[in-house]
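This structure is a prediction, so every number in the text was calculated from the model and none was measured. Convention: sequence-line order gives letters A, B, ...; per-chain numbering from 1.
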Number of protein chains: 2
Amino acid sequence: MTLPLGQGAHSPCDYSEPALLKEIFGRGSEHGSRRRSRGRVETVTRNRVGGITIGQAAAFAGVTVKTVRHYHRLGLLAEPRRDSSGYRRYGSDDLLRLVQVRTLATAGVPLSEIASLLGAGPEQFAAALADVERRLTDRITDLVARRDALHRLADDRALLPDRALAVLDRMTELGFSPDYVAGQREALVLFRALLPEGLDHFLTSLEQRLDDPEYVDLIKRSVAAASWEPDDPQIEELARAIAANLLADRELLALPAGFRIGPDTATRYGLVDHHREDRSPVWARLNALIQAELRSAGVPVPDP
Amino acid sequence: MTLPLGQGAHSPCDYSEPALLKEIFGRGSEHGSRRRSRGRVETVTRNRVGGITIGQAAAFAGVTVKTVRHYHRLGLLAEPRRDSSGYRRYGSDDLLRLVQVRTLATAGVPLSEIASLLGAGPEQFAAALADVERRLTDRITDLVARRDALHRLADDRALLPDRALAVLDRMTELGFSPDYVAGQREALVLFRALLPEGLDHFLTSLEQRLDDPEYVDLIKRSVAAASWEPDDPQIEELARAIAANLLADRELLALPAGFRIGPDTATRYGLVDHHREDRSPVWARLNALIQAELRSAGVPVPDP
DNA sequence: GGTTGACCTTGACCCGAGGGCAGGGTCGAC
DNA sequence: GTCGACCCTGCCCTCGGGTCAAGGTCAACC
């Protein structure tokens with residue numbers, strides 16, 4: 001006895017047209033009839049054996065056969081009895097359980113927790129549900145953050161702050177080549193990743209130095225120096241000039257406030273500093289010479 | 001030459017205290033020093049060999065060593081050169097690539113798409129990003145829907161509509177046992193899953209019938225009948241009485257508007273109808289008898 | 001009675017984005 | 001010499017199933 005008002009006959013079943021009735025329910029006498037509805041074929045007769053097959057149970061629950069078997073293997077559903085062919089036969093109890101499992105699964109409860117959840121009392125059930133809901137909320141928050149990060153990326157694949165992009169634009173305006181600016185962009189990406197606390201201070205000094213025409217001119221000469229011979233005496237001269245320019249504004253060389261010094265700082269700094277140095281031996285030499293000049297002037301420079 | 005304003009020396013490195021300087025950068029003469037910071041040990045000297053190790057690269061990029069190796073295996077990062085021990089040695093180019101990959105990956109871009117994304121032109125890049133963003137939004141929408149479903153589940157693990165819960169409460173008020181009401185709840189869950197278009201109509205008829213004291217009384221006798229002998233002649237009498245009661249209001253037996261009839265309808269109906277019937281042979285017999293009564297009165301009843 | 005086509009069975013492998021572990025080599029410091 | 005940290009490769013694991021393989025069963029049609 002399942003349903004309160006009529007134990008079976010009270011349900012909406014007043015199909016008064018006999019032909020329709022037969023079409024819907026089939027007949028006990030003609031065993032096994034198939035009817036096509038929109039290309040799919042459904043077998044009705046099996047049910048006589050007692051219990052529905054896995055395909056029907058899956059269809060009724062809105063899942064695939066594989067999913068049902070998956071739940072069996074996880075122990076989430078008890079194995080139903082088998083008929084003489086070895087086919088699984090599902091009763092209403094089995095189907096109810098499947099529907100309950102699916103309800104929780106589609107709500108986002110991990111399969112590994114559903115079994116204990118369905119076996120728990122109401123208060124544990126509610127607590128566990130709240131826990132699952134909290135985890136879902138966390139995942140949503142995380143995904144939203146990712147999407148927002150992605151949205152910001154749409155402008156620049158390097159995800160640099162606006163100030164850095166402005167500085168790069170300024171360089172282009174000042175006549176630096178696209179390739180050089182691209183190199184600077186790369187260096188800034190590394191800087192941001194490796195020395196994030198120093199980026200703001202560095203950008204400030206960069207902005208100020210780009211207002212110094214002498215400095216801009218020296219850097220342009222450095223860029224052009226890539227094609228010089230590695231032992232060109234002009235290199236040393238240029239290095240001295242650049243070092244002198246840098247030393248003229250020593251406070252721009254100061255350590256920024258809040259800069260966190262870790263044991264890796266020299267390594268991180270070196271990676272940023274020597275980026276793209278391998279493209280020209282002149283650059284590497286120029287860099288080393290400037291560092292030596294600064295060092296002899298009392299400015300500490302890492303030597304990793 | 002990496003950074004525009006000083007090619008290395010311009011960076012924020014004015015550590016004026018010699019002891020601190022040594023602490024930060026180490027010394028070329030003393031090769032290989034370790035220092036502990038919060039329990040972790042970091043090696044500085046390896047970098048002299050040229051390039052950082054996988055552990056450092058991973059730490060700088062904020063990932064695990066496994067992740068970096070995973071990216072190598074996927075071809076997302078080129079294998080860097082190896083030192084004499086077979087250890088991978090990463091340069092700034094490698095690290096830049098790793099940072100770029102991580103930027104996209106943490107933004108939610110699938111790893112399988114990152115390689116082509118980083119190699120694409122700006123407009124393809126933007127288009128691909130928009131596509132990824134759309135997919136992320138879809139996932140978020142889906143998760144939010146799941147969470148909301150979960151939230152509704154917190155009240156009742158069966159996810160029944162409020163009307164159904166009200167009917168169940170009514171039954172409890174009318175004095176039906178908790179076990180019986182639990183069975184009705186299960187049957188309603190099955191009903192909702194298997195015959196969703198019919199649920200509203202069924203609940204309506206249920207509400208009306210529960211207002212009929214004679215009907216309520218008959219059902220209570222049915223519940224009590226579980227402990228009768230299976231061949232008790234009272235069963236037939238009760239079945240006749242229930243059938244008569246049902247037939248007194250035939251329009252409640254009518255097919256609801258909008259009810260979709262599929263080839264499985266009889267099977268679905270049978271599952272709901274016979275649910276928990278196996279708990280008592282009396283219920284099964286009662287059900288069958290009522291069905292026979294209704295059938296002989298011209299009401300079509302499925303016989304799956 | 002043979003074929004067709006749909007359905008069922010078990011088992012094994014695949015996805016993403018790595019995690020964990022095994023078993024072994026290498027390095028630097030004590 | 002030994003310790004601990006780091007590196008190497010390779011294999012199996014996750015979660016929620018999908019896909020393929022190889023074969024058995026059932027009902028309908030010719």
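Proximity note for Ile54(B) (side chain, C-beta onward) versus dC8(D), dA17(C), dG18(D): the nearest is dC8(D). Closest to the side chain of Arg102(B), from the set dG18(C), dG16(D), dG17(D), is dG18(C). For Ser85(B), taking side-chain heavy atoms from C-beta onward, the closest of the listed nucleotides dT9(C), dC27(C), dG18(D) is dC27(C).
Atom CD1 of Ile52(A) and atom P of dC26(D) are 18 Å apart (whole Å). What separates CZ of Arg139(A) from C1' of dG16(C) is a distance of 12 Å, to the nearest Å. Rounding to whole angstrom units, NE2 of residue His70(B) and C1' of dG20(C) are separated by 14 Å. In this structure, Ile114(B) atom CD1 and dA17(C) atom C1' are separated by 11 Å, rounded to whole Å. For the pair Asp83(B) CG and dC27(C) C1', the computed distance is 11 Å after rounding to whole Å. Per the geometry, NE2 belonging to His72(A) stands 14 Å off P belonging to dG11(C), to the nearest Å. Spacing between atom CG of Leu98(B) and atom P of dG18(C) amounts to 11 Å, rounded to whole angstrom units. Put simply, CZ on Arg73(A) is 11 Å from C1' on dT10(C), counting in whole angstrom units.
Using a 4.0 Å cut-off, some side-chain N or O of Arg69(A) falls inside it from OP1 or OP2 of dT9(C). Phosphate contact (OP1/OP2 of dA17(C), side-chain N/O of Tyr71(B), threshold under 4.0 Å): absent. A sub-4.0 Å separation between OP1 or OP2 of dC8(C) and a side-chain N or O of Thr53(A) is present. The side chain of Arg82(A) places no N or O atom within less than 4.0 Å of a non-bridging phosphate oxygen (OP1 or OP2) of dG24(D). Side-chain nitrogen and oxygen atoms of Arg88(B) include at least one within less than 4.0 Å of the OP1 or OP2 phosphate oxygen of dC8(D). The phosphate of dG19(C) (OP1 or OP2) has a side-chain N or O of Thr64(B) nearer than 4.0 angstrom.
The base of dG20(C) lies close enough to the side chain of Lys66(B) for a donor and an acceptor atom to sit less than 3.5 Å apart. Checked by distance alone, Tyr87(B) brings a side-chain donor or acceptor within 3.5 Å of a matching partner on the base of dG25(C).
With respect to the salt-bridge test (charged N to carboxylate O, under 4.0 angstrom), the residues Asp131(B) and Arg135(B) qualify. A salt bridge links Asp142(B) with Arg146(B); the closest basic N to acidic carboxylate O contact falls under 4.0 Å.
Residue order along DNA chain D, read from the 5' end via each residue's closest nucleotide, puts Leu74(A) first among Leu74(A) and Ser84(A).
Residues Arg88(A) and Pro80(A) are in side-chain contact: their nearest non-hydrogen atoms beyond the backbone lie under 4.5 Å apart.
Residue Arg139(B) places its CZ atom among 12 or fewer non-hydrogen atoms of other residues, nucleotides or ligands, all under 6.0 Å distant.
If you take CG on Leu194(B) and CZ on Phe60(A), they are separated by 6.5 Å, rounding to the nearest 0.5 Å.
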